[in-house]
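Structure record follows, encoded as structure tokens.
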Amino acid sequence: MSRREVDLFVIGAGSGGVRAARIAAQHGARVMMAEEYRVGGTCVIRGCVPKKLFVYAGRFAHDIEDMAGFGWRVTEPEFDWLTLVANKDKEIARLEGIYRRNAENAGVEVVASRAVVAGPNTVRILATGEEIDARYILLATGARPALGPAIEGCELAITSNEAFNLTHFPNRILVQGAGYIAVEFAGLFRALGADVTLVYRADKVLRGFDGEIRDHLEAEMTRVGIHLAPGRTLTSIEVISGGKRVTLSDGSVIEVDDVMLALGRIPNTSHLGLDEAGVKLDDVGAVVVDEKGCTSVPSIYAVGDVTNRINLTPVAIREGHAFADTVFGNKPWTVDHTLVATAVFSEPEIGTVGLSEEAARALGRPIDIYSTSFRPLKATLSGRETRTFMKLVVDQESDVVLGCHIMGDAASEVIQLAAVALGLKAKKADFDRTVAVHPTSAEELVTLRTPTRSV
């Protein structure tokens with residue numbers, strides 16, 4: 001019996017893999033795609049989408065609090081965690097169905113199994129043992145939560161994977177980490193009513209972000225009652241009556257209901273047969289690729305978090321699309337990773353694109369900083385003390401805006417359009433001659449006239 005042959009075999013049905021499979025099939029390729037868990041990957045199933053739904057849930061608490069200042073009288077609200085989890089599950093199931101149907105409607109054969117590379121042009125489906133001959137193989141296996149150094153009781157902790165499906169609401173939770181995931185979960189659990197402690201080894205949260213954004217976020221987190229514990233790590237976790245006891249590196253002890261590890265993510269490259277196939281990995285286990293996504297084996301490509309470049313869903317989608325157009329559509333193009341906007345759904349949320357002040361200074365050219373911090377209009381009646389922060393980093397010589405950083409309501413929405421402006425190399429003068437939309441917070445971006453400082 002002859003073995004089946006395809007033009008493309010995609011391992012992993014997350015956002016990047018699904019996009020690549022769909023576009024390749026639309027270009028006429030015979031495509032198979034294997035997924036051992038659920039179609040949709042981290043973003044849809046256990047990442048961006050459920051996270052944003054949980055963030056929305058927390059924001060309703062703020063809205064209810066704010067309503068009194070606007071004349072509304074609200075009886076004591078009651079939050080039900082299990083209702084949120086159940087409704088989230090319904091939405092995720094709906095989205096998974098859409099992802100699967102879109103792939104199948106494009107002609108992609110979706111296989112419910114783990115698959116591994118058995119050679120430069122061979123994939124083995126583990127559920128059946130069948131081997132498929134593929135002209136090209138695409139690795140789109142994403143990443144998994146890192147657990148950090150082994151400590152006593154580490155098996156008692158959860159990660160973001162489990163946090164969305166807890167059968168109880170953690171009234172007291174300790175989150176370890178200082179990146180996107182850590183600050184987002186700390187904020188949403190606090191908004192939903194939990195007592196939250198955020199423990200992190202660094203001196204500030206969000207390494208790599210603009211320093212002022214980091215400072216403002218920490219101030220806001222402290223204001224809403226999140227207990228920040230910088231410069232510390234966990235040394236042990238143990239079960240006690242009614243919860244868990246956590247010991248920190250400074251000897252302090254905290255009692256909580258749950259411990260969540262949010263220490264970054266590790267590329268999913270283990271036990272995929274990559275070493276045997278000759279696919280080169282870097283020191284953290286990520287697949288090494290060129291600008292086209294091609295690995296050290298010419299027939300094997302990789303996209304998304306498994307390459308550990310810019311680990312964002314829209315980037316993985318673009319990489320998958322570029323791969324399919326280039327290899328199967330005779331429309332070669334590459335993804336520009338130099339100017340990618342991103343949002344952190346912390347409380348308040350953050351939107352950022354371009355260079356931080358620190359990165360701009362490192363260029364060695366004079367820059368102007370324009371920044372403002374203010375109480376948003378809504379807060380003037382609600383009584384909430386939250387503040388919005390906005391910042392532009394401008395090259396003095398060319399007047400080109402190098403970076404835009406926002407913290408406040410709808411920051412993620414505003415930064416999307418700011419990214420268009422920065423992508424067009426807009427100058428500060430272009431911002432200045434744009435008529436403001438009033439009354440909005442975003443108008444501050446076009447009314448900043450005097451530099452806060454020049455460096």
Side-chain angles (χ1 to χ4, degrees), residues 1-46 93 96-97 99-145 161 265-281 285-289 293-307 316 320 323-324 327-328:
M1 182 177 178
S2 61
R3 298 201 310 193
R4 286 197 287 171
E5 298 180 357
V6 297
D7 298 306
L8 172 64
F9 196 108
V10 181
I11 302 178
S15 297
V18 169
R19 176 59 65 90
R22 285 178 54 205
I23 301 302
Q26 289 169 0
H27 286 315
R30 297 166 298 169
V31 182
M32 290 182 70
M33 178 171 62
E35 173 56 57
E36 64 180 306
Y37 183 51
R38 296 175 67 180
V39 175
T42 294
C43 180
V44 173
I45 305 301
R46 54 194 174 275
E96 181 186 10
Y99 266 64
R100 182 181 292 274
R101 285 193 299 274
N102 285 345
E104 292 175 341
N105 289 343
V108 178
E109 181 179 348
V110 181
V111 180
S113 172
R114 180 177 177 84
V116 299
V117 176
N121 297 97
T122 305
V123 175
R124 182 181 301 113
I125 299 172
L126 296 190
T128 63
E130 181 182 13
E131 291 194 344
I132 306 294
D133 292 327
R135 188 154 62 99
Y136 291 98
I137 298 169
L138 179 67
L139 306 172
T141 50
R144 65 186 187 278
N161 285 357
R265 297 176 67 80
I266 301 172
N268 279 321
T269 52
S270 300
H271 309 299
L272 281 178
L274 302 184
D275 288 341
E276 295 84 348
V279 175
K280 184 178 179 182
L281 306 179
V287 178
V288 177
V289 294
C294 188
T295 72
S296 53
V297 179
S299 58
I300 301 178
Y301 285 69
V303 299
D305 292 6
V306 75
T307 67
F323 158 78
V327 175
F328 296 104

Exercise. Would you say R3 and T122 make side-chain contact, with heavy atoms under 4.5 Å?
Worked result: yes

Exercise. Rounded to the nearest 0.5 Å, how far does CD of E131 lie from CD1 of I125?
Worked result: 10.0 Å

For this session: Take V18 and M33 through the test side-chain contact (heavy atoms from CB on, under 4.5 Å) and record every step on the way to the result.
Result: CA-CA 8 Å; V18 169; M33 178 171 62; 4.0 Å; yes

For this session: Would you please test T42 and R265 for side-chain contact (heavy atoms from CB on, under 4.5 Å) and show each step?
Result: CA-CA 11 Å; T42 294; R265 297 176 67 80; 3.2 Å; yes

For this session: Supply the atom-to-atom distance D305 CG to R144 CZ, rounded to the nearest 0.5 angstrom.
Result: 12.5 Å

For this session: Give the minimum heavy-atom separation between P298 and Y136, together with the two atoms involved.
Result: O-CE2, 4.2 Å

For this session: Determine whether P145 and N161 make a side-chain contact, defined as any pair of heavy atoms from C-beta on separated by less than 4.5 Å.
Result: yes

Exercise. About how many Å separate CG of L272 and CD1 of I137, when rounded to the nearest 0.5 Å?
Worked result: 11.0 Å

Problem set entry | Residues R46, Y37; criterion side-chain contact (heavy atoms from CB on, under 4.5 Å); working and verdict | CA-CA 11 Å; R46 54 194 174 275; Y37 183 51; 3.0 Å; yes

Exercise. What is the minimum heavy-atom distance between V10 and A21, and which atoms define it?
Worked result: CG2-CB, 4.1 Å

Problem set entry | Check: V6 and E109 side chains under 4.5 Å, non-hydrogen atoms | no

Exercise. Do the side chain of S299 and the main chain of P120 share a donor and acceptor less than 3.5 angstrom apart?
Worked result: yes

Exercise. For the atom pair CZ (R4) and CZ (R30), what is the distance rounded to the nearest 0.5 Å?
Worked result: 11.5 Å

Exercise. What's the shortest heavy-atom distance between A20 and L8, and which atoms?
Worked result: O-CD2, 4.3 Å

Exercise. Measuring from D7:CG to M32:CE, what's the distance to the nearest 0.5 Å?
Worked result: 12.5 Å

Exercise. Quick one: does V108's side chain get under 4.5 Å of R100's, heavy atoms only?
Worked result: no

For this session: Can you label the angle between the Y301 ring and the F323 ring as parallel, tilted or perpendicular, going by 30° and 60°?
Result: tilted

Exercise. Under 3.5 Å, is there a donor-acceptor pair between the side chain of E96 and the main chain of V39?
Worked result: yes

For this session: Using modelled atom types only, decide if a donor and an acceptor are shared between the side chain of T295 and the backbone of V279 within a distance under 3.5 Å.
Result: no

For this session: Over all heavy atoms of both residues, which pair between G278 and S296 is shortest? Give the atoms and the distance, please.
Result: O-OG, 2.8 Å

Exercise. Considering all heavy atoms of both residues, which atom of A34 and which atom of S113 are nearest to each other, and what is their separation?
Worked result: CB-O, 3.6 Å

For this session: Answer yes or no: is there a side-chain heavy-atom contact under 4.5 Å between Y99 and R38?
Result: no

Seminar exercise, completed: To the nearest 0.5 Å, atom OG1 of T269 lies from atom CG of L281 at 5.0 Å

Seminar exercise, completed: Between V123 and A115 the two heavy atoms that sit nearest each other are CG1-CB, 3.7 Å

For this session: Could you tell me whether the side chain of L139 reaches within less than 4.5 Å of the side chain of V117, counting heavy atoms only?
Result: yes

